[in-house]
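The structure appears right after this line, and notes come after that.
A note on names: the letters A, B, ... follow the listed sequences, proteins ahead of strands, and every chain is numbered from 1.
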Amino acid sequence: MSDKALARLPRNFYTRDSVTVAKALLGQQLVRVLDDGTRLAGIIVETEAYLGKPDKAAHTFNGRRTDRNASMWLGGGFTYVYFTYGMHFCMNVVASQSEHPVAVLLRAVEPTESIEIMRRHRLARSKAKGRSKSATVQSPEKTIPDTNLCSGPAKLCQAFAIDRTWDGIDLATHEQLFIEQRRKRTFPAAQIHVGPRVGVDYAGEWVDKPLRFYIRGNSHVSRP
DNA sequence: ATGACGATTTACT
DNA sequence: GTAAATCGTCATA
């Protein structure tokens with residue numbers, strides 16, 4: 001208790017509708033404490049709101065409820081972490097109340113603490129690419145620039161070491177995964193850009209709804 | 001039991 | 001710009 005810890009976002013921050021939470025999360029700080037005590041942190045700069053039962057892009061469209069998406073019914077403040085494309089994890093912040101399975105996808109954060117650890121986490125994916133012994137290859141792993149560390153939903157999960165074991169945990173109380181309030185870096189409304197969500201081409205009339213929120217001009221977003 | 005499909009990322013033409 | 005990687009999950013049978 002030496003120095004003053006930033007305030008953790010309280011329950012009533014999360015128990016609002018997902019659009020409100022998606023916008024309010026911009027500028028707040030995602031924190032992940034590793035088992036050895038290392039603190040990883042980054043400021044949220046891009047989010048997407050998913051509106052649940054009526055939303056064709058949402059995993060809970062039409063009230064679909066399975067083992068995979070069960071945590072979307074846990075109510076505001078819990079996580080929904082899912083596995084996709086056979087290799088990636090994405091993290092949502094569940095919003096509203098338990099009877100409304102809505103959530104906010106974290107799409108990008110601006111790294112602030114333990115950036116080198118994040119870089120190491122991101123690099124730990126190179127596989128034996130079959131091509132052995134080609135002596136004339138360029139450097140197999142270039143350094144990942146900061147702007148490419150957490151600029152996407154799966155990238156930030158990899159950088160923060162968030163996988164399915166972090167599904168369904170309570171951000172309002174958990175010691176190793178939570179979100180801090182950052183009043184000083186909260187972005188003014190004028191800097192918040194709105195656009196259609198990414199990667200939901202299957203969602204019919206919901207494809208073009210303005211439910212993606214990001215900071216204009218921030219170089220850490222997934223797409224400008 | 002089987003098959004189609006991703007709320008993505010990366011590398012390559 | 002296109003394509004490959006890669007597998008848990010879910011709907012259908």
Mutual orientation of the aromatic rings belonging to A:Tyr82 and A:His59 [parallel < 30°, tilted 30-60°, perpendicular > 60°]: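 Plane angle over 60°, so perpendicular.
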
If only side-chain N and O atoms of [X] are considered, is one of them under 4.0 Å from the OP1 or OP2 phosphate oxygen of [N]?
X	N	value
A:Arg65	C:dT9	no
A:Arg68	B:dG6	no
A:Lys155	B:dT10	yes

Please state how far atom [atom1] in [X] lies from atom [atom2] in [N], giving the value in whole angstrom units.
X	N	atom1	atom2	answer
A:Leu149	B:dT8	CG	C1'	17 Å
A:Ile144	B:dT9	CD1	P	12 Å
A:Leu156	B:dT9	CG	C1'	13 Å
A:Arg107	B:dT9	CZ	C1'	11 Å
A:Asp167	B:dA7	CG	P	15 Å
A:Met87	B:dT8	CE	P	12 Å
A:His59	C:dG8	NE2	C1'	12 Å
A:Phe61	B:dG6	CZ	P	14 Å

Toward the 5' end of DNA chain B, by each residue's nearest nucleotide, A:Tyr202 or A:Asn148: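 Closest to the 5' end, via its nearest nucleotide, is A:Tyr202.
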
Could you note down all residue pairs passing salt bridge (Lys or Arg N to Asp or Glu O under 4.0 Å) where [range] supplies at least one of them, sequence neighbours left out?
range	value
residues 190-208 of chain A	A:Asp55-A:Arg197, A:Lys56-A:Glu205
residues 20-47 of chain A	A:Arg39-A:Glu113, A:Arg39-A:Glu180, A:Glu46-A:Arg107, A:Glu46-A:Arg212
residues 8-18 of chain A	A:Arg11-A:Asp170

Sugar-phosphate only, base, or nothing, as touched by A:Arg197 at under 4.0 Å among non-hydrogen atoms: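 A:Arg197: no heavy atom of the nucleic acid under 4.0 Å.
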
Sugar-phosphate, base or nothing in reach of A:Ala154, heavy atoms under 4.0 Å: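 Sugar-phosphate contact only.
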
Near-strand residues of residues 77-86 of chain A, defined as heavy-atom separation under 4.0 angstrom from DNA chain B: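 Residues of residues 77-86 of chain A that come under 4.0 Å of DNA chain B are, in numerical order, A:Tyr82, A:Thr84, A:Tyr85, A:Gly86.
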
Go through the structure and list residues passing side-chain contact (heavy atoms from CB on, under 4.5 Å) with [X], not counting sequence neighbours.
X	value
A:Thr79	A:Val81, A:Met91, A:Ile169, A:Leu171, A:Leu177
A:Ile144	A:Arg119, A:Arg122, A:Leu123, A:Asn148, A:Leu149
A:Thr60	A:Ala58, A:Asn69, A:Met72, A:Trp73, A:Pro101

In one Ile/Leu/Val/Met/Phe/Trp/Tyr side-chain cluster, 4.5 Å: A:Val104, A:Phe213: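 Linked, A:Val104 and A:Phe213 end up in one cluster.
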
Side chain of [X] - closest among [options]:
X	options	answer
A:Arg64	C:dA11, B:dT8, C:dA5	C:dA11
A:His88	B:dT10, B:dT8, B:dA7	B:dT8
A:Arg122	B:dG6, B:dT10, C:dT6	B:dT10

Hydrophobic cluster of A:Val31, others only, ordered by chain and residue number, side-chain cut-off 4.5 Å: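 Reading the cluster by chain and number, A:Val31 sits alongside A:Val33, A:Phe178.
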
Evaluation steps, side chain to side chain contact (heavy atoms under 4.5 Å, CB included), between A:Arg223 and A:Tyr214: CA-CA 9 Å; A:Arg223 316 177 47 172; A:Tyr214 59 102; over 6 Å; no

Runs of at least three consecutive pairs that involve DNA chain C, where pairs are Watson-Crick or G-U with distances under 3.5 Å: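 Stems found: B:1-6 with C:7-12, B:8-12 with C:1-5.
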
